[in-house]
Amino acid sequence: MMNPIIKAFFHEATSTFTYVVHDGNNPLCAVIDPVLDFDYKSGSTSTESADEVIQWVNDHKLTPQWILETHAHADHISGAKHIQAELGGKIAIGEHITLVQGAFKKVFNYGDEFVTDGHHFDDLMVAGSQFKIGDLDAKVLHTPGHTPACVTYDIAGKLFVGDTLFMPDVGTARCDFPGGDAETLYDSIHTLLNYPDDTELYMCHDYPPEGRDIRYVCTVAEQKAQNIHVGKEASKADFVKMRSTRDATLEMPNLILPSIQINIRAGELPDAENNGVSYLKLPLNQFN
């Protein structure tokens, strides 16, 4: 199997990794989980972080074939539309994004103008479907639990896991978002842990404990032996109890309300109003 070349970019403000993946010969590449910078206090967006990715892609004479989202992120705004506008490529996400769109259409009380059919994305990836990134073979794994639309991309045997797993000393993702489910997440994680022990897993985030440097890749063997939530053959019942108890103590992500409104639109800002300004909605007294 061809070994992919993987470049990681770390967005410090949201602890997010963006990846560029290519085969080293063909100029076609994939950009995974790009970030748009956002200042909550002023409501302003900027493209500094996405432009760093764009510069690297241009410097290496690559062309995005795909811009892949692992899910509709709640902790950062997607830079997919900016990457696409500058470099091209098809924006893709798992087909169950329609469930996430439907759930948040209710949260934000959108009208009939917001159609929850996933048409905002260029491609809705079906579990088990196979595709190419240049000469690299890629496959879609449906790994729900954090959200119903979460997918993992198996690219030439390297797994880009989104928020399904974190580094072993951090654990696993929360399951209390609409459509999230701890039992489902446990099953999804074990889909990944059934891969060979030396399989590399590429994280979407890292929140390291004090004294450890940022990391973005580990192996299945490390996760099975060391993950503080699912390692050492933790049972599903214990995981569900732990996850449910822990999730009840967590605050909402800082950027969930602005980011989800944009990310369910594939990174597109809401349509500008008659003054030329785009607006986001802020539901009051809906969440504790």
Side-chain angles (χ1 to χ4, degrees), residues 15-17 32-33 68-75 93-100 102-104 125-129 139-155 157-209 215-253 256 260:
S15 299
T16 302
F17 292 107
I32 304 175
D33 291 333
L68 302 173
E69 299 282 11
T70 53
H71 62 295
H73 308 274
D75 41 27
I93 200 167
E95 63 172 336
H96 294 89
I97 186 62
T98 56
L99 300 177
V100 179
F104 282 99
M125 295 289 200
V126 177
S129 62
K139 184 172 70 173
V140 180
L141 307 175
H142 185 211
T143 48
H146 174 57
T147 82
C150 289
V151 294
T152 291
Y153 296 105
D154 176 343
I155 302 176
K158 312 294 186 183
L159 303 184
F160 295 82
V161 302
D163 285 9
T164 303
L165 277 168
F166 297 139
M167 278 294 169
D169 55 2
V170 180
T172 59
R174 64 196 298 167
C175 300
D176 57 338
F177 296 153
D181 182 80
E183 288 191 24
T184 302
L185 181 61
Y186 183 91
D187 292 339
S188 293
I189 289 169
H190 280 79
T191 295
L192 304 180
L193 298 186
N194 282 334
Y195 271 71
D197 280 354
D198 61 353
T199 302
E200 292 180 341
L201 310 174
Y202 289 80
M203 307 293 111
C204 186
H205 300 284
D206 191 28
Y207 310 100
R215 292 181 62 198
Y216 60 84
V217 62
C218 64
T219 65
V220 165
E222 288 178 86
Q223 290 285 359
K224 289 197 292 191
Q226 302 171 23
N227 189 287
I228 60 174
H229 295 163
V230 292
K232 299 179 181 178
E233 300 182 350
S235 72
K236 180 184 288 190
D238 286 343
F239 176 76
V240 170
K241 181 178 179 181
M242 177 282 301
R243 194 69 265 171
S244 301
T245 301
R246 180 174 171 79
D247 288 351
T249 70
L250 299 177
E251 296 181 347
M252 289 179 63
I256 183 172
I260 204 70

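Throughout, numbering of the chain's residues begins at 1 and tracks the sequence. Just so it is clear, the values below take in all heavy atoms, side chains as well, and ignore hydrogens, waters and symmetry mates.
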Would Ile260 and Phe177 count as a side-chain contact (heavy atoms from CB on, under 4.5 Å) here? Give the steps.
CA-CA 11 Å; Ile260 204 70; Phe177 296 153; over 6 Å; no

How about [X] and [Y]: do any of their side-chain heavy atoms sit closer than 4.5 Å?
| X | Y | value |
| --- | --- | --- |
| Thr70 | Tyr153 | yes |
| Ser15 | Asp206 | no |
| Pro253 | Arg174 | yes |
| Asn227 | Ile189 | no |
| Val220 | Leu192 | no |

Please list, chain by chain and in numerical order, all residues satisfying salt bridge (charged side-chain N to carboxylate O under 4.0 Å, His left out) with [X], sequence neighbours excluded.
| X | value |
| --- | --- |
| Glu222 | Arg215 |
| Asp169 | Arg212 |
| Arg246 | none |

Please find the pair of heavy atoms, one from [X] and one from [Y], that lie closest to each other, and give the distance.
| X | Y | value |
| --- | --- | --- |
| Asp163 | Cys204 | OD1-CB, 3.6 Å |
| Val100 | Pro148 | CG2-CG, 3.9 Å |
| His146 | Leu185 | N-CD1, 4.0 Å |
| Glu95 | Ala127 | OE2-N, 4.4 Å |
| Gln223 | Leu165 | OE1-CD2, 3.9 Å |

Test of understanding: with side chain to side chain donor-acceptor pair (under 3.5 Å), list the residues that count as partners of [X], not counting sequence neighbours.
| X | answer |
| --- | --- |
| Glu69 | His73, Ser78 |
| Thr172 | His229, Arg243 |
| Tyr195 | Asp154 |

Distance from [X] atom [atom1] to [Y] atom [atom2], nearest 0.5 Å?
| X | Y | atom1 | atom2 | answer |
| --- | --- | --- | --- | --- |
| Met203 | Leu159 | CE | CG | 9.0 Å |
| Thr219 | Leu201 | OG1 | CG | 7.0 Å |
| Met167 | Ile228 | CE | CD1 | 13.0 Å |
| Tyr186 | Cys175 | OH | SG | 13.0 Å |

All pairs passing salt bridge (charged side-chain N to carboxylate O under 4.0 Å, His left out) where residues 179-199 contributes a residue, at least two apart: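 Salt bridge (charged side-chain N to carboxylate O under 4.0 Å, His left out) check on residues 179-199 returns Asp187-Lys236, Asp197-Lys224.
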
Partners meeting side-chain contact (heavy atoms from CB on, under 4.5 Å) with [X] (sequence neighbours left out):
| X | answer |
| --- | --- |
| Thr249 | none |
| Ser244 | Val240 |
| Pro178 | Ala103, Phe104 |
| Thr191 | none |

Run the side-chain contact (heavy atoms from CB on, under 4.5 Å) check on Thr143 and Val161 step by step: do they pass? CA-CA 8 Å; Thr143 48; Val161 302; over 6 Å; no

Check ring pair (Phe, Tyr, Trp, His ring centres under 6.0 Å) between Tyr202 and all other residues, then give those that pass, not counting sequence neighbours.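 Tyr202 satisfies ring pair (Phe, Tyr, Trp, His ring centres under 6.0 Å) with Tyr19, Phe160 once adjacent residues are dropped.
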
**Item:** Polar contact flag, side-chain donor to acceptor under 3.5 angstrom, Ser188-Thr164
**Value:**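 Judged by distance alone, the side chains do not pair up.
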
inquiry  = Would you call the rings of His142 and His96 parallel, tilted or perpendicular, taking 30° and 60° as the class edges?
reply    =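 Parallel: the ring planes of His142 and His96 meet at under 30°.
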
